[in-house]
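These notes are about the structure you will find just below.
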Protein chains: 2
Amino acid sequence: MINGKNLIDGVWVGSDNVAHSADLAGQSFALATKAQVNAACQAARRDFRAYSKTARGERAAFLRAIAEEIDKLGDEITRTGMAETGLPEMRLIGERGRTTGQLRMFADLIEGTDYLDIRKDGALPDRAPLPRPDLRLTHKAIGPVVVFGASNFPLAFSTAGGDTASALAAGCPVIVKGHSAHAGTADLVAQAIETAILACNMPKATFQMLQGSGREVGSALVQHPEITAVGFTGSLAGGRELYDQCHARPHPIPFYGELGSVNPMFCLPAAMDARAAEIGAGWAASLTMGAGQFCTNPGIAVMVKGDPADALEAACVDALRKTPEQKMLTDGIHKAFESGVKGVSGLIEEVAGCGTAKAARSGLPALFKVTARAWMANPILQQEIFGSAGIIVLCDDVAEMVELAEILEGQLTVTLHLDDADADLAAVLMPIVEEKAGRILANGFATGVEVCSSMMHGGPYPASTDVRATSVGTLAIARWLRPVSYQNIPSALLPSELRE
Amino acid sequence: MINGKNLIDGVWVGSDNVAHSADLAGQSFALATKAQVNAACQAARRDFRAYSKTARGERAAFLRAIAEEIDKLGDEITRTGMAETGLPEMRLIGERGRTTGQLRMFADLIEGTDYLDIRKDGALPDRAPLPRPDLRLTHKAIGPVVVFGASNFPLAFSTAGGDTASALAAGCPVIVKGHSAHAGTADLVAQAIETAILACNMPKATFQMLQGSGREVGSALVQHPEITAVGFTGSLAGGRELYDQCHARPHPIPFYGELGSVNPMFCLPAAMDARAAEIGAGWAASLTMGAGQFCTNPGIAVMVKGDPADALEAACVDALRKTPEQKMLTDGIHKAFESGVKGVSGLIEEVAGCGTAKAARSGLPALFKVTARAWMANPILQQEIFGSAGIIVLCDDVAEMVELAEILEGQLTVTLHLDDADADLAAVLMPIVEEKAGRILANGFATGVEVCSSMMHGGPYPASTDVRATSVGTLAIARWLRPVSYQNIPSALLPSELRE
């Protein structure tokens with residue numbers, strides 16, 4: 001059952017400021033006050049030392065307990081998530097599996113010590129001209145962490161999602177700012193974590209959850225002196241505002257913002273000759289999955305004009321026209337999508353104007369076409385439209401394709417569709433796109449982010465605010481760790497992993 | 001022979017804005033113009049792709065060639081450095097060895113692949129419900145880097161110092177902002193690198209050096225759109241200003257600033273009973289080494305009041321009174337030292353007032369004494385005085401010592417002087433100081449930073465602007481790298497280290 005309150009220091013607390021849910025009949029949520037933000041941050045700091053000192057095995061058991069509790073609440077979470085987000089049942093069941101899978105992946109990770117990057121340089125007492133002391137290095141938890149859930153992943157990127165799982169694994173207490181797009185789902189997941197805290201005897205403030213609308217709670221959280229790092233997935237405007245607040249603090253802190261991307265696809269000529277229609281149909285499927293509400297949704301397809309380009313367009317249009325309208329995550333996202341499509345419609349040719357959806361908060365896909373010259377000249381066309389909107393970008397020749405790659409802004413992903421005969425052009429494009437993106441794909445679609453050790457989900461700004469960091473995969477834990485060096489420290493005082 | 005110009009894109013260029021050296025008779029230096037800053041940044045970007053694509057073995061050979069060229073110029077560098085910085089001959093000879101040692105250490109490092117943190121997740125085509133693609137991750141060079149040399153290490157932390165060596169090793173072109181405190185030394189080292197560039201056939205703009213006074217050249221460099229990361233060692237005020245500029249950019253970039261530290265020493269009771277005088281004499285030696293101009297100079301010693309504390313004080317005072325005056329690095333640093341000492345003198349008891357030095361730009365050590373209560377209450381006493389100034393902080397009991405540890409700001413180092421009988425108190429202090437510093441020492445002095453794989457030179461703000469980063473040791477290379485993931489990319493297009 002949904003509490004409708006904030007979880008602070010082990011207690012569910014209400015407030016005078018209550019928001020009524022538009023999606024859950026009769027349900028309301030108490031929005032956190034500034035005093036509650038402060039209380040949560042103080043509690044997180046108080047419990048940081050105890051939690052960060054827990055053995056890695058204890059934290060692994062705790063992460064697995066959270067996964068189990070989420071599994072137990074499964075159907076209720078799925079029903080609530082469906083009502084709040086409009087996402088279909090199978091998607092939410094799958095996302096729950098990804099969420100618990102992530103928690104168990106980080107549990108496995110911290111049972112080993114690879115992620116600590118342990119280094120030892122033994123003493124050399126006889127070295128001339130100076131002896132070398134005994135030096136050992138490991139990585140320690142950075143401190144209390146704030147996590148902002150994503151609108152588009154109510155489970156896998158939210159309350160107990162990747163940021164929370166990796167920060168808890170690292171030994172950092174987490175305060176989640178519940179996303180207003182799925183406050184009830186956040187509430188249920190927070191209860192699952194609360195149960196795991198009690199079962200595993202973890203400090204009460206190991207995990208806390210505050211509800212808030214607008215940016216007031218978020219701003220207060222990231223500027224609180226006891227907070228040491230922030231994980232965020234969301235819009236460029238909102239993310240940049242919080243980023244600026246983090247860096248203007250008296251003591252600045254890292255802000256890991258994943259702010260979205262256009263995810264360009266380059267369709268090389270030989271691949272187009274061989275299977276333009278197949279690429280076009282695959283793109284339509286990728287572009288419309290989850291109403292196009294993925295950070296890695298491929299927003300543009302770049303190709304040389306001609307018959308294969310026409311075939312790709314025809315196949316894509318055909319598939320898009322068969323796509324039913326889909327409910328979007330929030331009214332705000334739906335409005336932004338409609339407005340983005342309208343803005344582009346006024347500028348360039350719409351080749352699949354699918355019309356206006358009938359149901360409220362629902363969208364239909366849109367496909368546009370433009371010359372590379374015009375696309376490069378207009379920054380509006382280069383911006384992400386969050387939702388099922390794609391642009392075919394037509395180059396005069398491959399030289400123009402290379403020119404376009406050179407002017408790309410930072411991206412989460414870049415995809416090359418290529419065949420063997422495209423090798424020379426691909427060899428020219430690769431060093432360019434490697435500078436632009438966190439992940440490079442061949443012959444695939446960027447939606448569908450594998451959670452594994454070699455995943456990089458991030459990229460040069462504006463794709464993310466920290467090009468060195470990933471928010472998906474085991475490397476994500478590095479965001480919440482800092483190196484500490486120990487010189488001649490007696491064994492009993494060393495972190496256990498540094499002892500002989 | 002000193003050029004007195006700026007090295008831009010392989011050419012030494014002058015300007016109308018010339019500064020005359022106060023230390024090198026008849027020598028002047030052309031200060032870079034804004035147009036020259038722009039030219040250097042553009043050239044660095046142009047050559048980034050070619051340089052970052054060089055084989056690791058080629059870059060290793062290049063780093064070794066720089067070390068050889070610096071060795072060849074050895075005596076001239078030492079003489080010039082002595083004239084400019086006032087540092088003694090043996091120190092500069094030692095620092096040259098450290099500089100060439102660092103270059104060779106990074107050469108060794110990049111001949112292996114450990115630093116790339118390579119990860120591979122092979123394809124699982126039969127996995128249900130979805131197949132797994134082939135995913136591989138490595139780390140790539142971040143882009144053109146700007147390095148600000150340190151005033152206090154004209155060789156090891158400047159033109160070809162640790163930041164430059166690690167960035168060049170990573171595959172990033174470097175633009176050094178020559179430090180005005182040793183413009184001639186910077187000029188000579190830049191020539192050594194230039195020779196190595198030609199000998200190794202590296203792109204011309206792989207390394208460039210711009211002279212500048214004030215912050216104009218520095219501000220223009222860090223705000224240039226083609227620059228992707230900055231390494232800085234210097235003052236809190238100057239570093240914070242550049243940090244703010246980096247994060248306010250349209251596309252923010254990492255700023256790795258090492259801004260100094262008070263480096264507290266905690267002298268535990270049993271150790272004090274056993275060897276208070278020894279600790280006091282050792283502190284005096286550490287405090288006055290290099291006129292106290294080390295980032296890791298121990299500025300305060302915290303102990304319980306009583307006879308051992310008096311013995312420590314007496315031994316320290318005795319040693320300090322025998323210390324001759326020492327020339328400081330610059331007029332500005334000398335003035336700041338005198339002013340810092342004067343400021344503290346007005347607030348608390350000076351126990352070794354060593355008077356005013358006779359020679360210009362020279363300093364004599366100063367030692368103060370204060371209660372822990374008073375020290376904790378006054379932020380002015382908690383600030384670093386760059387130079388040979390120390391404060392004995394007297395606690396009523398060990399509880400107050402723990403209380404003081406809790407309120408410490410971020411530090412590069414914290415030292416515990418302890419004996420076996422101090423184990424219980426040390427166990428209380430360790431988790432506290434681990435949160436405060438990048439390096440924890442037992443029974444040593446923090447000056448003397450070992451360059452090795454397990455060194456961490458950095459710490460929570462204000463010690464450094466990025467608690468995750470070190471500017472000394474092999475881990476320093478991580479500052480200039482970013483992860484990139486490759487999904488189903490044909491082998492021929494992969495970075496060589498990711499191929500089967």
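Each chain gets a letter, A, B and so on, in the order the sequences are listed, and its residues count up from 1.
- For chain A, the nearby part of B:Asp117 is the side chain; its heavy atoms alone come within less than 4.5 Å.
- Among A:Pro254, A:Ala469, A:Gly410, the residue making the largest number of heavy-atom pairs under 4.5 Å with chain B is A:Pro254.
- Contacts between B:Ala437 and chain A at a heavy-atom distance below 4.5 Å involve the backbone alone (N, CA, C, O).
- Contacts with chain A (heavy atom to heavy atom, under 4.5 Å) involve these residues of residues 411-418 of chain B, listed by number: B:Leu418.
- Contact count against chain A (heavy-atom pairs under 4.5 Å) is highest for B:Ile440 among B:Thr465, B:Ile440, B:Asp420, B:Ile489.
- Without hydrogens or angle criteria, A:Asp419 side chain to A:Ala421 main chain gives no donor-acceptor distance under 3.5 Å.
- Proximity to chain A involves both the backbone and the side chain of B:Ser453, based on heavy atoms less than 4.5 angstrom apart.
- Looking only at heavy-atom pairs under 4.5 Å with chain B, the residue among A:Gln487, A:Met455, A:His139 that has the most is A:Gln487.
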A:Ile227/A:Val222 under side-chain contact (heavy atoms from CB on, under 4.5 Å): CA gap, chis, key distance, verdict: CA-CA 7 Å; A:Ile227 299 304; A:Val222 306; 5.9 Å; no
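- Using a 4.5 Å cut-off between heavy atoms, B:Asp244 contacts chain A through its side chain alone, with no backbone atom that close.
- The aromatic rings of B:Tyr256 and B:Trp480 lie perpendicular to each other, with more than 60° between the two planes, well past the 30° mark.
- Residue contact with chain A, scored on non-hydrogen atoms closer than 4.5 Å, is absent for B:Ala492.
- Your options are A:Pro431, A:Cys452, A:Ala229, A:Pro252, and the one with the most heavy-atom pairs under 4.5 Å with chain B is A:Pro252.
- A:Asn488 is linked by a side-chain contact (heavy atoms from CB on, under 4.5 Å) to A:Pro133, A:Asp134, counting only residues two or more places apart in sequence or in another chain.
- When the candidates A:His457, A:Glu434, A:Lys120 are compared by the number of heavy-atom contacts under 4.5 Å with chain B, A:Glu434 comes out ahead.
- Contact of B:Ile142 with chain A is made through the side chain alone, with heavy-atom distances under 4.5 Å.
- With respect to chain B, the highest number of heavy-atom pairs below 4.5 Å among A:Arg479, A:Glu409, A:Arg136, A:His247 belongs to A:His247.
- Contact annotation for B:Pro129: neither backbone nor side-chain heavy atoms come within less than 4.5 Å of a heavy atom of chain A.
- Using a 4.5 Å cut-off between heavy atoms, B:Arg127 touches chain A through its side chain atoms alone.
- With B:Ser261 contributing its side chain and B:Thr296 its backbone, the two residues share no donor-acceptor pair below 3.5 Å.
- Contact of B:Ala248 with chain A is made through the backbone alone, with heavy-atom distances under 4.5 Å.
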